[in-house]
2 protein chains.
Amino acid sequence: MPVTRAVPAAGPRETIRQASTAQILAAAERVFAARGFHGATMAQIAREAGLPKANLHYYFGTKERLYRAVLEGILSLWLDRAAAWITPARDPGTALAGYVRAKMADSRDRPEASRIFAGEVLAGAPRIRDYLRIELRRRVAAHAAVIEGWIAAGLMDPVAPAPLFFAIWAMTQTYADFAAKIEVVLDSRPIGPAEFAIATETVVRLVLQGCGIRKPREGDRT
Amino acid sequence: MPVTRAVPAAGPRETIRQASTAQILAAAERVFAARGFHGATMAQIAREAGLPKANLHYYFGTKERLYRAVLEGILSLWLDRAAAWITPARDPGTALAGYVRAKMADSRDRPEASRIFAGEVLAGAPRIRDYLRIELRRRVAAHAAVIEGWIAAGLMDPVAPAPLFFAIWAMTQTYADFAAKIEVVLDSRPIGPAEFAIATETVVRLVLQGCGIRKPREGDRT
DNA sequence: GAAATTCTTGACCACACGGTCAGGTTGGGC
DNA sequence: GCCCAACCTGACCGTGTGGTCAAGAATTTC
């Protein structure tokens, strides 16, 4: 019967598979984030997941395929995040402030995911280069067109779109990627909610004011 | 022995030592940047340096000590860079624009060094945590005081100093650290001088305009 | 209820890695 | 010219790694 696969109706088999893979992926995200691709070991991921090592290989085949699976989840989240905010229907103040705040929230909520991606790109993105070349470039081109539209409509200063996005990504992800540095500078405490709010608004201010957008809309939070 | 020493520089004992260590450090910087601490192998660094593996151990003892030696050179450069620009004697426009441009130039000229540092911090800075805790924190505190002074003098908007520095570091180093991502977005070409200039001025603009500094001084380049 | 399929797992490789070492070579001091 | 210390290096080693496998336990299918 046309049973939709979207919300699987949990037969024991399927449930086991989903539970195991989810457990493995979560453990892999933690370990890969902490030690990088080469530094992470399958044995450590297995221990963290509470499963024997051979089980990981049963579900994911190789270390590299497991790593890729972790990365793909992260990327699709981020790409959708941008697509949801950077649309021509919005005014630039709402869109950019909303996007920055959403991205900052991601850095707070899933810092490990961000770190894995950062490590991959740091090494030259050897394992996801093709994916980026197709998917990321396409999306950035679309967002750049939206920015150009806002500029043409006089809604913001003429700012080069690509560097603007690089700057936004850099500023927002730095709170996840370089948390160790930030903690050290801020007195060895993990950053608290109040400081995080200040940081968010600092980034929003730099972007909006830096782009010559006059009215940041405070109501548009994630 | 058909192998001629790559840097003969015929001279006393000391010259040999200096030439060898310099050669090893340069090779190590390349390999560590490309593959990270765990991914790099002593054999590969040795090959890159044109020396037998045992030679590296003769001069540096262990892989970790070699890695530390590479990192220390990078850090001292950056700390001095900030100290040279962020001084109370300057006005904020000159100082911040100069600092940003210097940092951008560093990212252009020594991207591998930047990537090694980024990888270390990504992993939680396990090998330089103590150094950061002392040296970096001290310096940031000093720079923050300078910023506060400018704010009190009405020379710029009241911007939280720490997040401001995090943002500047993030934006400038992103061009070295995430070069692979940027290349991919920009049509798979390495970024050219013209694009780099645009990127630099975009960052300068975001910082100065974002801080409510009215007169960017164009003359103060690196 | 038995055959087929999927899942689980301890034991086991082959190998690449960081590091060692003994023995050789080179260069400076006298 | 001789000696000593610094330098060089091929060959070697123990460990830890990703990955395999075969045999057994579940679960589904007929």
Side-chain angles (χ1 to χ4, degrees), chain A residues 1 3 5 8-25 27-28 30-32 34-71 116 123 126-127, chain B residues 1-25 27-28 30-32 34-71 116 123 126-127:
Chain A
M1 288 286 81
V3 173
R5 269 303 158 96
R13 262 300 158 55
E14 238 164 83
T15 309
I16 288 176
R17 182 171 207 97
Q18 286 182 343
S20 288
T21 54
Q23 221 167 335
I24 294 167
L25 284 171
R30 264 174 284 149
V31 177
F32 279 132
R35 321 227 345 154
F37 176 76
H38 292 287
T41 72
M42 294 298 272
Q44 195 183 345
I45 295 172
R47 210 179 314 127
E48 200 94 1
L51 295 169
K53 188 176 60 133
N55 202 310
L56 315 204
H57 283 101
Y58 174 74
Y59 280 112
F60 290 94
T62 68
K63 186 186 187 183
E64 181 165 335
R65 275 212 286 276
L66 171 56
Y67 179 76
R68 276 192 150 101
V70 172
L71 269 180
I116 296 174
R127 281 168 274 268
Chain B
M1 253 164 285
V3 175
T4 60
R5 191 79 342 103
V7 183
R13 271 280 160 67
E14 223 166 286
T15 310
I16 289 178
R17 183 170 206 97
Q18 287 182 344
S20 288
T21 53
Q23 224 168 332
I24 294 167
L25 284 171
R30 265 174 284 148
V31 177
F32 279 132
R35 320 227 344 154
F37 176 76
H38 291 287
T41 72
M42 294 300 271
Q44 193 183 347
I45 296 172
R47 213 179 311 128
E48 200 94 358
L51 295 169
K53 187 177 60 131
N55 201 309
L56 314 205
H57 283 100
Y58 174 73
Y59 280 113
F60 289 94
T62 68
K63 186 186 186 183
E64 180 163 336
R65 273 212 286 277
L66 172 56
Y67 178 77
R68 277 193 148 98
V70 173
L71 268 181
I116 295 173
R127 280 168 274 269

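Throughout, protein chains are lettered first and strands after them, A, B, ... in sequence-line order, and every chain is numbered starting at 1.
Atom CD1 in B:Ile16 sits roughly 11 Å away from atom C1' in C:dG28 (whole-Å rounding). The CD-C1' distance, from A:Gln44 to D:dG16, rounds to 13 Å in whole Å. Atom CZ in A:Arg35 sits about 12 Å away from atom C1' in D:dG16, given to the nearest Å. The CZ atom of A:Arg65 sits 15 Å away from the P atom of D:dG18 (whole-angstrom rounding). Between the P atom of D:dC7 and the CD1 atom of B:Ile24 lies a distance of 11 Å, rounded to the nearest Å. Look at CG on B:Asn55: it is 15 Å from C1' on C:dC21, rounded to the nearest Å. Atoms CD (B:Gln18) and P (D:dC7) sit 11 Å apart, rounded to a whole Å.
Considering only heavy atoms from C-beta on, B:Phe60 comes within 4.5 Å of B:Thr21 through its side chain.
One finds a side-chain N or O of B:Arg17 lying less than 4.0 angstrom from the OP1 or OP2 phosphate oxygen of D:dC7. For C:dT8, the OP1/OP2 oxygens have no side-chain nitrogen or oxygen of A:Tyr58 closer than 4.0 Å.
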Pairing string, 5' to 3', for DNA chain D - Watson-Crick or wobble contacts under 3.5 Å, brackets [ ] where pairs cross, | to another strand: ||||||||||||||||||||||||||||||
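Scored by the salt bridge (charged side-chain N to carboxylate O under 4.0 Å, His left out) test, B:Arg68 finds B:Glu64 as partners (sequence neighbours excluded). In this structure, the ring-ring contact (aromatic ring centres under 6.0 Å, His included) partners of B:Tyr67, at least two apart in sequence or on a different chain, are B:Phe32, B:Phe37. Among residues two or more places apart in sequence or in another chain, the salt bridge (charged side-chain N to carboxylate O under 4.0 Å, His left out) test is passed with B:Arg127 by B:Glu120.
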Set out, line by line, the N/O atom pairs under 3.5 Å between protein and nucleotides 16-20 of chain C.
unit_1, atom_1, unit_2, atom_2, d
C:dG18, OP1, B:Ala40, O, 3.2
C:dG18, OP1, B:Met42, N, 3.4
C:dG18, OP1, B:Lys63, NZ, 3.0
C:dG18, OP2, B:Met42, N, 2.9
C:dG18, N7, B:Lys53, NZ, 3.3
C:dG19, OP2, B:His57, NE2, 3.4
C:dG19, OP2, B:Lys63, N, 2.7
C:dG19, N7, B:Lys53, NZ, 2.9
C:dG19, O6, B:Lys53, NZ, 2.4

Show the atom names and distances, to 0.1 Å, of all donor-acceptor pairs under 3.5 Å that link a side chain in residues 41-53 of chain A to residues at least two apart or in another chain.
unit_1, atom_1, unit_2, atom_2, d
A:Thr41, OG1, A:Gln44, N, 3.0
A:Glu48, OE2, A:Arg30, NH1, 3.1

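With rounding to the nearest 0.5 Å, the separation of CG in A:Leu56 from CG in A:Leu25 is 10.0 Å.
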